[in-house]
Colleague: 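Below you'll find the structure I mean.
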Amino acid sequence: MSDGAGIAPARLSPSEYSKNFDEVKPPLDRHEAAVDSSRCLFCYDAPCIEACPTGIDIPSFIRKIGTGNLKGAAVDILSENIMGGMCARVCPTEVLCEQACVRTAAEGKPVRIGLLQRHATDWLLAQGIQPFQRAPASGKRVAVVGGGPAGLACAHRLAMLGHAVTVFEAKAKLSGLNEYGIAAYKTPHEFAQREVDFILAIGGIEVRTNQALGRDVTLGALRQDYDAVFLGIGLATTKTLGIAGEDLTGVEDAVGYIERLRQAADLSTLPVGRRVVAIGGGNTAVDVAVQSKRLGAEDVTIVYRRDPDAMSATPHEQEFAQVNGVRIKYWAQPVRLVGSDGYVVAAEFEYTTLDPTGRLVGTGETFSLPADQVFKAIGQALAHDQPQSATQNMPATKGGKIIVNADRETSLLGVWAGGDCVAGVDLTVQAVQDGKLAAHAIDRRLRGG
Ligand SMILES: Cc1cc2nc3c(=O)[nH]c(=O)nc-3n(C[C@H](O)[C@H](O)[C@H](O)COP(=O)(O)OP(=O)(O)OC[C@H]3O[C@@H](n4cnc5c(N)ncnc54)[C@H](O)[C@@H]3O)c2cc1C
Ligand code: SF4
C-alpha cells in the first residue's frame with residue numbers, strides 16, 4: 001500500500017542542493033581560452049561553420065579571441081546568433097560544430113568552440129556593451145507571438161532593421177524553455193533573464209507578458225493591427241501515453257515538473273520520488289531523470305522503446321545520465337501504470353523488438369518497475385486546445401507542426417512561424433536561426449521586396 005510518502009521534499013541538505021545544481025560545465029579562464037584558440041587551424045571553408053545552424057563564422061571569432069579582441073569575437077557570434085551566450089551553454093556541440101572540427105577527426109579532440117563562444121559572449125555581457133544599433137524607423141509594426149528563442153531572435157533582428165515590434169508572451173517571463181525548460185545546471189545564475197535584458201536593450205521592442213494568443217489576442221486581430229506576424233509559440237502541450245493509470249497521483253508531465261524546478265526559489269520544497277521512472281528518449285527524459293537524481297531520488301530509470309542510436313538524446317547525454325547514476329533500459333514500451341489508493345506504485349513495460357519489416361512491435365514479455373513517480377517525456381505538441389484556436393484561422397499544419405516555406409512563411413499571407421512549432425526544429429540554436437531568417441523575410445516583404 002502506498003500513501004504517497006514515496007514522494008517527498010527536502011531529501012538533501014542545503015549544501016547538497018547547491019552542489020548538485022551548480023553549473024556542470026564551468027567557463028574557461030583567460031589562459032585556457034588562449035590555449036584552446038591556438039588549436040584552431042582556421043580552415044578555409046571551415047566545416048564547423050556549416051555545422052552551426054546559425055552559421056557563425058567560428059574561425060573568425062576564435063582568431064579574435066587569440067588576439068585578445070573579445071569584443072570583436074562576441075560581435076561575430078552575436079551578429080549571427082543573438083542567443084550566442086545561451087547556445088554556448090546548451091548546444092549539443094558534440095553533434096554540431098565540434099563534431100565537424102577537423103581536430104575531432106585528426107585527434108579525437110575538437111577545439112572547444114562552445115566554451116570559447118561563451119568566453120567571448122560572457123565578457124561582452126559583463127561589460128554591459130550594446131554592440132547593435134537600430135536602423136532608421138521603417139514605420140512598420142510587427143507582432144511576435146511567443147517570447148522564446150525563436151520569438152526573441154526574430155524580434156531583435158526586426159528591431160535592428162528598424163521595425164517596431166510587440167512581443168506577446170503567454171507566461172510571466174520571457175525566454176521560453178531557456179527560462180522554464182533547460183536543465184538548471186546548464187544555465188544557473190539567472191542567465192536566461194540576463195540575456196533577455198541584453199536582447200531588449202536594443203530598443204524598439206514592446207513586451208506584453210501574460211498575453212496568450214487564443215486567450216487574450218486573436219490571430220485575426222493581430223493580422224489586422226500589424227504589418228506582419230511571427231509565431232514562435234513552441235509546443236505547449238505534452239503527448240499522453242494513452243495507457244491505464246495515467247491519471248494516478250505521481251504520474252507527471254516531465255516538462256511541467258522541470259518548469260516547477262526551474263522556478264523554485266528553494267529546491268528543498270520540491271518533492272521528488274524515491275523511485276523514479278522517466279519514459280522517453282529525448283533531452284526531456286534525460287533532464288528530468290538526472291535532475292530527479294540530483295534532487296535526491298534513490299533509484300532513477302529511463303525507459304526507451306528502441307536502441308541507444310535511435311534516442312534523440314545524444315550519446316553524450318545518455319552517458320551523462322548514466323554517470324549521474326541513472327539507469328537506461330532500452331527496448332521496452334509502457335503498457336500500464338499500477339496504482340494503490342490513487343497513487344502510482346509501479347510501471348509495467350513490455351519488451352519491444354523490430355519485426356522483419358523493421359516495424360517496432362511488443363514481444364509479449366513484460367516486466368514491472370516499482371515507482372512512486374513516473375515522468376512522461378515522450379514529446380510535446382502544438383496546443384490544439386487553445387480557446388478560439390478552432391475559429392481563428394490558424395495556419396495549416398502537418399504532423400502537428402505549422403507548415404512553413406524556406407522563408408518561414410506559413411499558409412497565411414503575412415504570417416511567419418519558426419522554432420519548435422515548425423517541423424525539423426528541436427534545439428535552441430535552430431529556433432534562433434528560424435527567428436533570424438523569418439525577420440529577414442519579413443523585412444524584405446515590408447520593404448516591398
Ligand atoms: C526539457 C527540455 C530540455 C531542453 N534542453 C535543450 C538543450 O539542452 N539544448 C538545446 O539546444 N535545446 C534544448 N531543448 C529544446 C529547446 O529548449 C527548444 O528547441 C527551444 O526552446 C525552442 O524555442 P521556441 O522559441 O521555438 O519555443 P519555446 O522555447 O517553447 O518558446 C515558446 C514561447 O511561446 C510562448 N507561447 C506558447 N503559446 C503561446 C500563446 N498561445 N500565446 C503567446 N505565447 C505563447 C511560450 O510561453 C514560450 O515562451 C530542450 C527542451 C526541453 C523541453
Ligand atoms: S551556436 Fe552552437 S552550434 Fe553554433 S558555433 Fe555556437 S555552440 Fe556551435
Side-chain angles (χ1 to χ4, degrees), residues 48-49 51-58 61-62 77 80-81 83-101 110 112-118 121 144-154 167-183 186-187 192 208-217 219 231-238 254-259 261-262 280 282-288 291 313-314 317 377 379-380 382-383 386-389 394 417-422 425-435:
C48 54
I49 303 179
C52 168
T54 50
I56 292 173
D57 188 340
I58 295 164
F61 93 70
I62 292 182
I77 296 159
E80 293 300 340
N81 181 339
M83 289 198 165
M86 181 59 77
C87 288
R89 290 161 166 78
V90 306
C91 272
T93 50
E94 67 282 1
V95 294
L96 298 171
C97 52
E98 292 177 16
Q99 184 180 50
C101 177
R112 290 182 290 176
I113 298 168
L115 282 170
L116 287 170
Q117 176 170 316
R118 176 170 174 185
T121 50
V144 168
V145 184
L152 288 181
C154 186
V167 176
F168 295 86
E169 166 55 50
K171 293 201 163 144
K173 293 186 195 169
L174 292 180
S175 212
L177 290 166
N178 287 355
E179 170 64 35
Y180 293 101
I182 302 258
K186 285 188 187 173
T187 170
R208 297 193 195 163
T209 47
N210 299 308
Q211 291 290 303
L213 180 73
R215 186 188 67 202
D216 308 299
V217 282
L219 190 53
L231 300 176
I233 52 178
L235 299 173
T237 56
T238 304
V255 176
Y257 185 77
I258 293 171
E259 179 169 335
L261 189 154
R262 285 292 310 270
N283 266 330
T284 309
V286 167
D287 287 358
V288 81
Q291 288 177 113
T314 62
E317 284 159 342
Q380 292 153 270
L382 269 178
Q386 282 173 1
Q388 307 170 41
S389 65
M394 289 294 280
D420 281 4
C421 63
V422 310
V425 177
D426 61 2
L427 293 174
T428 307
V429 63
Q430 295 166 327
V432 170
Q433 175 69 354
D434 270 9

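Order of appearance sets the numbers: ligands from 1, and atoms from 1 within every ligand. Computed from a predicted structure; not experimentally measured.
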Colleague: Need the ligand 1 atom indices (1-based, order shown) with element for anything under 4.0 Å from a heavy-atom of Lys171.
Modeller: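 Numbered from 1, ligand 1 contributes 47 (O).
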Colleague: Number the atoms of ligand 1 from 1 as they appear, then name those within less than 4.0 Å of a heavy atom of Gly419, with their elements.
Modeller: 26 (O)
Colleague: Taking atom 40 (C) of ligand 1 as the point of reference, which of Val429, Leu213, Thr284, Leu177 owns the nearest heavy atom?
Modeller: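 Checking each option, the heavy atom nearest atom 40 (C) of ligand 1 is found in Leu213.
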Colleague: Ligand 1 and Gly181, any nitrogen or oxygen pair closer than 3.5 angstrom?
Modeller: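 No - when backbone and side-chain N and O of Gly181 are compared with those of ligand 1, no distance drops under 3.5 Å.
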Colleague: Does any non-hydrogen side-chain atom of Thr187 lie less than 4.5 Å from one of Asn178?
Modeller: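 SC-SC contact between Asn178 and Thr187 ruled out.
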Colleague: Among Ala153, Pro92, Ala170, which residue places a heavy atom closest to atom 43 (C) of ligand 1?
Modeller: Ala170
Colleague: I'd like to check whether Thr428 has a polar contact with ligand 1, where a contact means an N/O of the residue lying under 3.5 Å from an N/O of the ligand.
Modeller: yes
Colleague: Out of Ile233, Val217, Val144, Thr93, who is nearest to atom 38 (N) of ligand 1 when you count heavy atoms only?
Modeller: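 Shortest heavy-atom distance from atom 38 (N) of ligand 1: Ile233.
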Colleague: Out of Val145, Leu96, Val255, Ile182, who is nearest to atom 13 (C) of ligand 1 when you count heavy atoms only?
Modeller: Ile182
Colleague: Looking only at N/O atoms, are Asp420 and ligand 1 under 3.5 Å apart anywhere?
Modeller: yes
Colleague: Could you tell me whether Ile58 approaches ligand 2 through its side chain, its backbone, both or neither, with non-hydrogen atoms closer than 4.0 Å?
Modeller: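 The side chain, only.
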Colleague: Using only heavy-atom distances, determine whether the side chains of Gln380 and Thr237 contain a donor-acceptor pair under 3.5 Å.
Modeller: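 On atom types as modelled, these side chains do not qualify, holding no pair under 3.5 Å.
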Colleague: Give the atoms of ligand 1, by number and element, whose distance to some non-hydrogen atom of Pro149 is under 4.0 Å.
Modeller: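 By the 4.0 Å cutoff, the relevant atoms are 21 (O), 23 (O), 24 (P), 25 (O), 29 (O).
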Colleague: Whether the side chain of Arg262 engages the backbone of Glu179 through a donor-acceptor N/O pair (distance < 3.5 Å, no angle test) should be reported.
Modeller: yes
Colleague: Would you mind listing which atoms of ligand 1 come within a distance below 4.0 Å of any non-hydrogen atom of Asp426?
Modeller: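 So the answer, numbered in order with elements, is 15 (C), 19 (O).
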Colleague: So is Gly232 in contact with ligand 1, going by heavy-atom distances below 4.0 Å?
Modeller: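 Right, Gly232 reaches ligand 1.
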Colleague: Please list, in number order, the atoms of ligand 2 under 4.0 Å from a heavy atom of Asn81.
Modeller: 1 (S)
Colleague: Which atoms of ligand 1 have any heavy atom of Gln380 under 4.0 Å away?
Modeller: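 Those of ligand 1 that fall under 4.0 Å from Gln380 are 53 (C).
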Colleague: To the nearest 0.5 Å, what is the distance between CD1 on Ile182 and CG on Asn283?
Modeller: 7.5 Å
Colleague: Could you check Arg118 against Arg89 for side-chain contact (heavy atoms from CB on, under 4.5 Å), going step by step and ending with a plain yes or no?
Modeller: CA-CA 7 Å; Arg118 176 170 174 185; Arg89 290 161 166 78; 3.3 Å; yes
Colleague: Examine all N, O or S atoms of Thr54, backbone included, and report whether one is under 2.8 Å from atom 6 (Fe) of ligand 2.
Modeller: no
Colleague: Number the atoms of ligand 1 from 1 as they appear, then name those within less than 4.0 Å of a heavy atom of Ala150, with their elements.
Modeller: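 Here the atoms of ligand 1 in question are 25 (O), 26 (O).
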Colleague: Quick check against the 3.5 Å criterion: does Gln430 have a side-chain atom that pairs as donor or acceptor with the backbone of Asp426?
Modeller: yes
Colleague: Give a yes or no answer on whether the side chain of Glu80 reaches the backbone of Ile77 with a donor-acceptor pair at less than 3.5 Å.
Modeller: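 Between the backbone of Ile77 and the side chain of Glu80 there is no qualifying donor-acceptor contact (under 3.5 Å).
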Colleague: When rounded to the nearest 0.5 angstrom, what distance separates OG in Ser175 from CE in Met86?
Modeller: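 One gets 5.5 Å once the value is rounded to the nearest 0.5 Å.
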Colleague: Against heavy atoms of Ala212, which atoms of ligand 1 measure under 4.0 Å?
Modeller: 42 (N), 43 (C)
Colleague: Gln117 side chain to Cys87 main-chain N or O, any donor-acceptor pair under 3.5 Å?
Modeller: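 No: the side chain of Gln117 does not pair with the backbone of Cys87.
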Colleague: Out of all atoms in ligand 2, which are within 4.0 Å of some heavy atom of Thr93? Include the element for each.
Modeller: 7 (S)
Colleague: Between atom 4 (Fe) of ligand 2 and Cys52, is there an N, O or S atom separated by less than 2.8 Å?
Modeller: yes
Colleague: Show the atoms of ligand 1 that are less than 4.0 angstrom away from any heavy atom in Gly176.
Modeller: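 Close to Gly176: 29 (O), 31 (O), 48 (C), 49 (O).
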Colleague: For atom 14 (N) of ligand 1, which of the options Leu231, Thr187, Asn283 provides the nearest non-hydrogen atom?
Modeller: Asn283
Colleague: What are the atoms of ligand 2, with element, lying closer than 4.0 Å to any heavy atom of Leu96?
Modeller: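 Checking each atom against Leu96, I get 3 (S).
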Colleague: CZ/Arg112 to SG/Cys97 distance, rounded to the nearest 0.5 angstrom?
Modeller: 13.0 Å
Colleague: Give yes or no for whether the N/O distance cutoff of 3.5 Å, strictly under, is met between Gly151 and ligand 1.
Modeller: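 No: no nitrogen or oxygen of Gly151 is under 3.5 Å from one in ligand 1.
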Colleague: Considering the heavy atoms of Cys91, write down every atom of ligand 2 situated less than 4.0 Å from one of them.
Modeller: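 Under 4.0 Å from Cys91, ligand 2 has these atoms: 1 (S), 2 (Fe), 3 (S), 7 (S).
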Colleague: Please report whether ligand 1 has a polar contact with Val90, defined as an N or O pair separated by less than 3.5 Å (distance criterion only).
Modeller: yes
Colleague: Kindly say whether Lys173 contributes a backbone atom to a donor-acceptor pair with the side chain of Tyr180 at under 3.5 angstrom?
Modeller: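 Present.
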Colleague: Any idea which part of Tyr180 is under 4.0 Å from ligand 1, heavy-atom wise: side chain, backbone, both or neither?
Modeller: neither
Colleague: Which atoms of ligand 2 are found less than 4.0 Å from any heavy atom of Gln117?
Modeller: 1 (S), 5 (S), 6 (Fe), 7 (S)
Colleague: For ligand 2, which atoms, with element, lie under 4.0 Å from some heavy atom of Val429?
Modeller: 1 (S)
Colleague: With a cutoff of 4.0 Å, is Gln211 in contact with ligand 1, counting heavy atoms of the residue only?
Modeller: yes
Colleague: Measure the distances from the heavy atoms of Arg215 to every atom of ligand 1 and state whether one is below 4.0 angstrom.
Modeller: no
